[in-house]
Amino acid sequence: MEDNDLLKVRLEKIAALKAAGTDLYPNDAKPQNTTDRILQEYGGMDSDGLAKLTQKFSLAGRLMAIRSFGKAAFVKIQDRKGQLQCYIAKNILSEQDFSIFKKLDIGDIIYVSGKLFRTKTNELTLEAESVRLTAKSIRPLPEKWHGLTDIETRYRQRHLDLISNPAVKEIFIRRSLIIRLIRQFMDRHDFLEVETPMMQPKAGGAVARPFKTHHNALDQDLYLRIAPELYLKRLVTGGLERVYEINRNFRNEGISTFHNPEFTMMEFYASYATYEDLMSFTEELFAFIAREIFGKLAFTYQGTEIDLTPPWRRLAVKDALVEIAGMTPDEMADPAKAIDFARNAGCDIKETDPPGKILMAIFDERVEKKLIQPTFVTHYPVAVSPLSRRSNTDPDLVDRFELYISGREIANAFSELNDPADQRERFAAQLKEREAGDDEAHEMDEDYIRTLEYGMPPTAGEGIGIDRLIMLLTDSASIRDVILFPLLRSRTE
RNA sequence: GGGCCGUUAGCUCAGCGGUAGAGCAGCGGACUUUUAAUCCGUUGGCCGCGGGUUCAAUCCCCGCACGGCCCA
């Protein structure tokens, strides 16, 4: 603990309070009210109405401001719902309470009870008949007017951010609401919420670098999951038919405004559905959420209006490459020309990459960012989709879509590959990729193939990046603004 | 990994070769209806860390750490 004067002063106050017999950390304060309810219920009542109330009110929260006049003071109390002004006067409080009040600091957690009135300036205020210290604060809070703006401190000491910046608290309240709405929607559509392993012997279900760990008793390496996919499909095979999971995935990759090593994903699987069914399902889900939180289907993200009104645009990868990346059908059909195009576009590719992979590299480089309004991109190449069902009309394509909004991938969905023989071939192709140096390629997973050999019903599944969705719906520029404790490098002191 | 930017009082920020300033917070005083209360007085700094240049470095140069944005 650093030795600064502000701390010393508070420690001296603590000594004085203790000497006077004050408990600094009592645990018996039971506030009967919250600031928002008082404002909602009595905000419209005039002075005469308030004077007739016989009821007492009590609040507890953090002391955020003190405007003192010597024998009286106005203070602001902040609880989880907001702030309310309280009036503290020497001739109303007991002598003991008033002397305790005089030793309080901004930042202390206090309990106040009394009655409501309106001040000269007509502000609804709680007139304190008793004041108690509930928990002493010995460190000074950030400044009252500018709040806390230092980004590093905001992330490392999120409690200060939440205390000082009401807008931050609102984002996390909205995050919780959105996830609640998603659960509501899934429950209404008869999906079962399940939990599958976070620690897996093989990190499957996606292409990404995993975190590795080790179980001592089993003396076995384990990986933090990069996706729950293969486990959820085991449940579908087991007959649960419609399942979803909202939880963390872990990917051992870079950190950016759109990537946190641990992030929240919802994956869900619906038997007897196809990826096309999931497009309209996704439209309905997003529209439901938007209506609940905005009351409409359009909203602004970072200055651009996003309109979620269905149906959303559906665009095949190849059409996107022609229309947006400016490729000719000839360049697309000829692998050598496609490689040239990719090189010119600045893609990091290898000669040995399969054509589908080259095309997707061009897509990532040239198309992604331009898909601002919600767009389902469809007709993905088999080479980049080892778990998706082959298209009935073209065996080089799969029944898959990715949803793009505001230039970012928000969701990924496909009709599931349930043919074990084809799945084995796909894994084998991934193994070749791995041998060619792609350490993100999917591993062979015999146990999963064995599961498919029991027969998995035709199923469609989807993963929705919850953090990215919440960024959109809270107009947040960085994923760190929607994750309470984003990963930062540890500070060594 | 690369480029650019930032790091000065508890917080928000000035200062940019001559050993540091404001506002808020704090502390002392006045004040019983304030709204960033007001008024008077006042404490507080390894100027991120380590080198270098210089008579002299918060300031210029190099390295490192942490963070931000962009790119890979």
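Throughout, a chain's letter reflects where its sequence line sits, starting with A, and its residues are numbered from 1. Any value given below was found using the heavy atoms of this structure, including those in side chains, with hydrogens, waters and symmetry copies removed.
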Visitor: OP1 or OP2 of B/A72 sitting under 4.0 Å from any side-chain N/O of A/Ser256?
Guide: no
Visitor: Taking the side chain of A/Ser68 as its heavy atoms from C-beta onward, which of B/U32, B/A37, B/C31 lies nearest to it?
Guide: B/C31
Visitor: Which part of the nucleic acid, if any, lies within contact of A/Asn91, taking any heavy atom under 4.0 Å across all strands shown: a base, the sugar-phosphate backbone alone, or nothing?
Guide: base
Visitor: Nearest to the A/Gln85 side chain among B/C27, B/U34, B/G68, which nucleotide is it?
Guide: B/U34
Visitor: Closest to the A/Glu143 side chain: B/C27, B/C24, B/U43?
Guide: B/C24
Visitor: So if I take every side-chain heavy atom of A/Phe69 and compare against B/C69, B/A37, B/C11, which nucleotide ends up nearest?
Guide: B/A37
Visitor: If you check every side-chain atom of A/Arg480, which of B/G10, B/C27, B/C69 has the closest atom?
Guide: B/C69
Visitor: If I pick the C1' atom on B/C69 and the same atom on B/A30, what distance separates them, to the nearest angstrom?
Guide: 50 Å
Visitor: For A/Lys144, which contact category applies under a 4.0 Å heavy-atom criterion: base, sugar-phosphate, or nothing?
Guide: sugar-phosphate
Visitor: Base, sugar-phosphate or nothing for A/Leu6? Non-hydrogen atoms, less than 4.0 Å.
Guide: base
Visitor: When both hydrogen-bonding distances must be under 3.5 Å and the geometry is Watson-Crick or G-U wobble, what is B/C69 paired with, if anything?
Guide: B/G3
Visitor: Between the side chains of A/Asp105 and A/Lys136, is the shortest nitrogen-to-carboxylate-oxygen separation below 4.0 Å, so that they form an ion pair?
Guide: yes
Visitor: Touch check for A/Arg156, heavy atoms < 4.0 angstrom, all strands: base, sugar-phosphate only, or nothing?
Guide: sugar-phosphate
Visitor: Rounded to the nearest Å, what distance is computed from the CG atom of residue A/Leu63 to the C1' atom of nucleotide B/A25?
Guide: 13 Å
Visitor: Name the nucleic acid region contacted by A/Leu160, choosing base, sugar-phosphate or nothing; use a 4.0 angstrom heavy-atom cut-off, strictly under.
Guide: nothing
Visitor: Could you tell me the separation between the NE2 atom of A/His146 and the C1' atom of B/C13, rounded to a whole number of Å?
Guide: 8 Å
Visitor: Can you check whether A/Lys13 has a side-chain N or O nearer than 4.0 Å to OP1 or OP2 of B/C27?
Guide: yes
Visitor: Between B/G68 and B/A57, how far apart are the two C1' atoms, rounded to whole Å?
Guide: 27 Å
Visitor: Provide, to the nearest angstrom, the distance between the CZ atom belonging to A/Arg10 and the C1' atom belonging to B/A25.
Guide: 9 Å
Visitor: Who is the Watson-Crick or G-U wobble partner of B/G50, with both distances under 3.5 Å?
Guide: B/C62
Visitor: Answer with base, sugar-phosphate or nothing: what part of the nucleic acid does A/Arg154 contact at a heavy-atom distance below 4.0 Å?
Guide: nothing
Visitor: Between B/U19 and B/C59, how far apart are the C1' atoms? Round to whole Å, please.
Guide: 12 Å
Visitor: Atom CD1 of A/Ile66 and atom C1' of B/U34: how far apart are they, to the nearest Å?
Guide: 13 Å
Visitor: Could you check how far CZ of A/Arg489 sits from P of B/C64, rounded to whole Å?
Guide: 13 Å
Visitor: From B/A72, B/A36, B/U33, pick the nucleotide closest to the side chain of A/Glu365?
Guide: B/A72
Visitor: Taking the same atom, C1', in B/C55 and in B/G17, what whole-Å distance lies between them?
Guide: 12 Å
Visitor: Which part of the nucleic acid, if any, lies within reach of A/Phe117 when heavy atoms closer than 4.0 Å are counted: base, sugar-phosphate only, or nothing?
Guide: base
Visitor: Between A/Lys296 and A/Glu305, is there a side-chain N and carboxylate O pair less than 4.0 Å apart?
Guide: no
Visitor: Which whole number of Å gives the distance between the P atom of B/A25 and that of B/A36?
Guide: 12 Å
Visitor: Look through every strand shown and name the nucleotide pairing with B/A14 as Watson-Crick or G-U wobble, where both distances are under 3.5 Å.
Guide: none
Visitor: OP1 or OP2 of B/C70 less than 4.0 angstrom from a side-chain nitrogen or oxygen of A/Thr257, does that happen here?
Guide: yes
Visitor: Looking only at atom P, what distance separates B/A56 and B/G18, rounded to whole Å?
Guide: 14 Å
Visitor: For the side chain of A/Lys71, counting heavy atoms from C-beta on, which of B/U34, B/U32, B/G68 is nearest?
Guide: B/U32
Visitor: Starting at atom CD1 of A/Ile106, determine the distance to atom C1' of B/C27, rounded to an integer number of angstrom.
Guide: 13 Å
Visitor: Looking at B/G67, B/C24, B/C11, which one has an atom nearest to any side-chain atom of A/Pro142?
Guide: B/C11
Visitor: Paired with B/G44: which nucleotide, if any, by Watson-Crick or G-U wobble criteria at under 3.5 Å for both distances?
Guide: none
Visitor: Atom CG of A/Leu371 and atom CZ of A/Phe363: how far apart are they, to the nearest 0.5 Å?
Guide: 5.0 Å
Visitor: Classify A/Gly147 by what it touches in the nucleic acid, base, sugar-phosphate, or nothing, heavy-atom distance under 4.0 Å.
Guide: sugar-phosphate
Visitor: Is a salt bridge present between A/Glu152 and A/Arg489, judged by a nitrogen-to-oxygen distance below 4.0 Å?
Guide: no
Visitor: Pick out which of A/Lys370, A/Arg366, A/Lys369, A/Glu368 makes a side chain to side chain contact (heavy atoms under 4.5 Å, CB included) with A/Ile324.
Guide: A/Lys370
Visitor: Taking the same atom, P, in B/U7 and in B/C16, what whole-Å distance lies between them?
Guide: 14 Å
Visitor: Mind checking if A/Thr119 touches a base, just sugar-phosphate, or nothing, with heavy atoms under 4.0 Å?
Guide: base
Visitor: For a quick check of understanding: with a heavy-atom distance under 4.0 Å over all strands, which category does A/Glu127 fall into, base, sugar-phosphate or nothing?
Guide: nothing
Visitor: Which pair of non-hydrogen atoms, one from A/His259 and one from A/Arg468, has the smallest distance, and what is that distance?
Guide: NE2-NH2, 3.4 Å
Visitor: Of the nucleotides B/A37, B/C24, B/G67, which has the atom closest to the A/Arg67 side chain?
Guide: B/A37
Visitor: Write down the distance separating the P atoms in B/U8 and B/G45, rounded off to the nearest Å.
Guide: 15 Å
Visitor: Looking at A/Arg225 and A/Glu267, does any basic side-chain N land under 4.0 Å from a carboxylate oxygen?
Guide: no
